[in-house]
Undergrad: 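Handing you a structure now.
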Amino acid sequence: MTHRIIFMGTPDYAAQYLEGLIFSGYKPIAVITQPDRPAGRAQTVEATPVKRTAERNNIPVHQPEDIRDPQWTKKIQELKPDLIVVVAFGQIIPQSILTIPSKGCINVHPSLLPRHRGATPWQETILQGDATTGVTIMLMDEKMDHGPILSQEGVDVAPDETTKSLEDKTAAIGIPLLIGTLTRWFAGTVTPAEQHHDQATYTRLLKKESGRIDWSKCPVEIDRMIRALNPWPGAWTEWHGKRIKILKAHLDEQNDLIVDELQPEGKKSMDAKTFRNGYCQGAQKEQPLSSLFQSQADGSSKE
RNA sequence: CGCGGGGUGGAGAAGUCCGGCAUCUCGCCUGGCUCAUAACCAGGAGAUCGCGGGUUCAAAUCCCGCCCCCGCAA
């Protein structure tokens, strides 16, 4: 028997799940994603990754400016879905839609709920220094990331984990987990488990300026920040009036921060030694980059 | 036409405003020193200064056109 599934999602991470669903025989009858928006250096209007995947597979695409607009509730009613799957959609879905499908609305959240509810679970996992995280499949209710859990799977967080690598890791376990959970959910062999709401934590929203490195923080925190903000929005500092992105760094035995790879504004990325050869002279060559940047940052902030 | 930076021996930079011998830190090659080394000393090779055109006695540098890379932003 076939199920009438609607998929809602936007970025590349969501597109991977969509592909997984299609590949496993759960091809959605419709896909809902964010409107095309200007993107990239040329500010050209580009389709979302989910839209591109849907079109490749001949699935009808809808792009609401605001999903809370009543016309979309009506539209989705007409589609008569049994189930809605939501992965990184980017808009708050109103109660009037959540109650439409008989099998409910299922959300994939890349953390072990109730920990890290909110929009930036990967980043928060790294910022908090968590040793493990995971993926949660849950039924959506009126509160964000609050509904009953259908299934969960954990994964270790590596010492050099970045948001990008964690994204890949959670997709690798999350996609099969979603497929398996769907199968059992349709078979009626899953019992939703209420979350332990008293243990809930919430992620902070990353601002665009969150990437500026505060060198007065301890190296452990700065290291986490560099990894958590990679690739977006990126951790950076000022050097002679120009922005320098710190792409990669690690802590040595003394827990000092060692910069490994960086990218000056307008330049390609380069390793630390290459940077020194071109940009540093004299005594600067021997000094750790982290302290060089720190003194620069201190100097400019006092003026 | 969203804003901005850049293209200089193999790598990263300075020089460009104000035209006048191709510079710096590395890498590479040779020789030396050393038990030894990514260390040190001496010597050396390696360049259509992104591409095309223009101005000039003279262009990396000034003018026009083109290609490519990147930061911001989203």
Undergrad: May I ask you to verify if any side-chain N or O of A:Gln263 is less than 4.0 angstrom from the OP1 or OP2 atom of B:C70?
TA: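 No, A:Gln263 has no side-chain N/O under 4.0 Å of OP1/OP2 on B:C70.
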
Undergrad: Using heavy atoms to find the nearest nucleotide of RNA chain B for A:Gly266 and A:Trp236 separately, return the residue whose nucleotide is more 5′.
TA: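 The residue mapped nearer the 5' terminus is A:Gly266.
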
Undergrad: Identify whether any heavy atom of A:Arg37 sits under 4.0 Å from a base atom; if not, whether one sits that close to sugar-phosphate; answer base, sugar-phosphate or nothing.
TA: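 It contacts nothing in the nucleic acid.
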
Undergrad: Expressed in angstrom and rounded to an integer, what is the separation of A:Lys268 atom NZ from B:G5 atom C1'?
TA: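 Checked: the NZ to C1' distance equals 14 Å.
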
Undergrad: Between B:G12 and B:C69, how far apart are the two C1' atoms, rounded to whole Å?
TA: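 My reading of the C1' atoms in B:G12 and B:C69 gives 15 Å.
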
Undergrad: Side-chain contact test, heavy atoms from C-beta onward, threshold under 4.5 Å: evaluate it for A:Gln123 versus A:Leu206 and give yes or no.
TA: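 SC-SC contact between A:Gln123 and A:Leu206 confirmed.
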
Undergrad: If you check every side-chain atom of A:Lys242, which of B:G5, B:G2, B:C72 has the closest atom?
TA: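 Shortest atom-to-atom distance from the side chain points to B:G5.
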
Undergrad: Return the value, rounded to whole Å, for the distance between atom NZ of A:Lys267 and atom P of B:A11.
TA: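 For the pair A:Lys267 NZ and B:A11 P, the rounded distance is 12 Å.
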
Undergrad: Under 3.5 Å, is there a donor-acceptor pair between the A:Ser165 and A:Glu161 side chains?
TA: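 Yes - a donor-acceptor pair under 3.5 Å links their side chains.
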
Undergrad: Between the side chains of A:Asp160 and A:His250, does any donor sit under 3.5 Å from an acceptor?
TA: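 No, no side-chain donor-acceptor contact under 3.5 Å.
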
Undergrad: Which nucleotide sits closest to the side chain of A:Tyr279: B:G71, B:A13, B:C69?
TA: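 The listed nucleotide nearest to A:Tyr279's side chain is B:A13.
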
Undergrad: Would you mind reading off the distance between A:Asp271 atom CG and B:U25 atom C1', rounded to a whole angstrom?
TA: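 Distance check: A:Asp271 CG to B:U25 C1' gives 14 Å.
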
Undergrad: Please give the distance between the C1' atoms of B:U56 and B:A11 as a whole number of Å.
TA: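 After rounding to an integer number of Å, I get 35 Å for this pair.
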
Undergrad: Quick one: A:Glu238 CD to B:C72 C1', roughly how many Å, whole number?
TA: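 Rounded to the whole Å, the gap is 12 Å.
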
Undergrad: Using the P atom in both, what is the distance from B:C63 to B:C18, to the nearest Å?
TA: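 After rounding to an integer number of Å, I get 9 Å for this pair.
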
Undergrad: Using atom C1' of each nucleotide, how far apart are B:U61 and B:C17 to the nearest Å?
TA: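 It comes out at 10 Å once rounded to the nearest Å.
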
Undergrad: Quantified in whole Å, what is the P atom distance between nucleotide B:A22 and nucleotide B:A38?
TA: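 Each nucleotide's P atom is 33 Å from the other's.
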
Undergrad: Only pairs with both distances under 3.5 Å count, Watson-Crick or wobble alike; so what is the partner of B:A47 in this structure?
TA: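 The answer is none; no pair meets the criterion.
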
Undergrad: Using the P atoms only, state how far B:G46 lies from B:U55, rounded to an integer number of Å.
TA: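 Nearest-Å result for B:U55 against B:G46 at atom P: 33 Å.
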
Undergrad: Rounding to a whole Å, what distance do you find between A:Ile244:CD1 and B:A13:P?
TA: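 About 10 Å, once rounded to whole Å.
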
Undergrad: Checking side-chain hydrogen bond (donor to acceptor under 3.5 Å, both in side chains) between A:Thr48 and each of A:Thr33, A:Thr53, A:Asp12, which is the one that passes?
TA: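 For A:Thr48, the side-chain hydrogen bond (donor to acceptor under 3.5 Å, both in side chains) check succeeds only for A:Thr33.
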
Undergrad: Tell me if the side-chain of A:Arg41 makes a donor-acceptor pair with the base of B:G71, cut-off 3.5 Å, by modelled atom types.
TA: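 By the distance-only test, yes, there is a pair.
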
Undergrad: A:Glu261 CD to B:A11 P: how many Å, rounded?
TA: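 Rounding to the nearest Å, CD of A:Glu261 and P of B:A11 are 17 Å apart.
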
Undergrad: Which whole number of Å gives the distance between the P atom of B:G19 and that of B:C24?
TA: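 It works out to 24 Å between them.
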
Undergrad: Quickly, which of A:Asp145, A:Thr136, A:Asp130 forms a side-chain hydrogen bond (donor to acceptor under 3.5 Å, both in side chains) with A:His116? Name it, please.
TA: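 Going through A:Asp145, A:Thr136, A:Asp130 one by one, the side-chain hydrogen bond (donor to acceptor under 3.5 Å, both in side chains) with A:His116 is satisfied by A:Asp130 alone.
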
Undergrad: Of the options A:Leu247, A:Leu257, A:Ile126, which is the one that meets A:Ile226 in a side chain to side chain contact (heavy atoms under 4.5 Å, CB included)?
TA: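 Of all the options given, the one that passes is A:Leu257.
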
Undergrad: Just name whichever nucleotide pairs with B:A13, Watson-Crick or G-U, keeping both distances under 3.5 Å, else none.
TA: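 Result: B:U23.
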
Undergrad: Does the structure show a Watson-Crick or G-U wobble partner for B:A42, both distances under 3.5 Å? Name it, or say none.
TA: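 The base-pairing partner of B:A42, which may sit in any strand shown, is B:U30.
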
Undergrad: A:Asn277 CG to B:C26 P: how many Å, rounded?
TA: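 From A:Asn277 CG to B:C26 P: 7 Å.
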
Undergrad: Between B:G2, B:C72, B:G27, spot the one nearest the side chain of A:Gln43, thanks.
TA: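 Among the listed nucleotides, the one closest to the side chain of A:Gln43 is B:G2.
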
Undergrad: To the nearest angstrom, how far is A:Leu292 atom CG from B:U25 atom P?
TA: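 About 18 Å, once rounded to whole Å.
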
Undergrad: Between B:A73, B:A13, B:G71, which nucleotide has the shortest distance from any of its atoms to the side chain of A:Met270?
TA: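 Nearest nucleotide to the side chain: B:A13.
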
Undergrad: Does B:A60 have a Watson-Crick or wobble mate here (both distances under 3.5 Å), and if so which one?
TA: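 Its partner is none (no Watson-Crick or G-U wobble pair with both distances under 3.5 Å).
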
Undergrad: Does a side-chain N or O from A:Lys245 land closer than 4.0 Å to OP1 or OP2 of B:C70, or not?
TA: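 No, no such contact exists.
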
Undergrad: A:His197 vs A:His146 aromatic rings, parallel, tilted or perpendicular, using cut-offs 30° and 60°?
TA: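 It falls in the parallel class, under 30°.
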
Undergrad: Sticking with atom C1', work out how far B:C21 lies from B:U37, rounded to a whole angstrom.
TA: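 The same atom, C1', in both gives a distance of 39 Å.
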
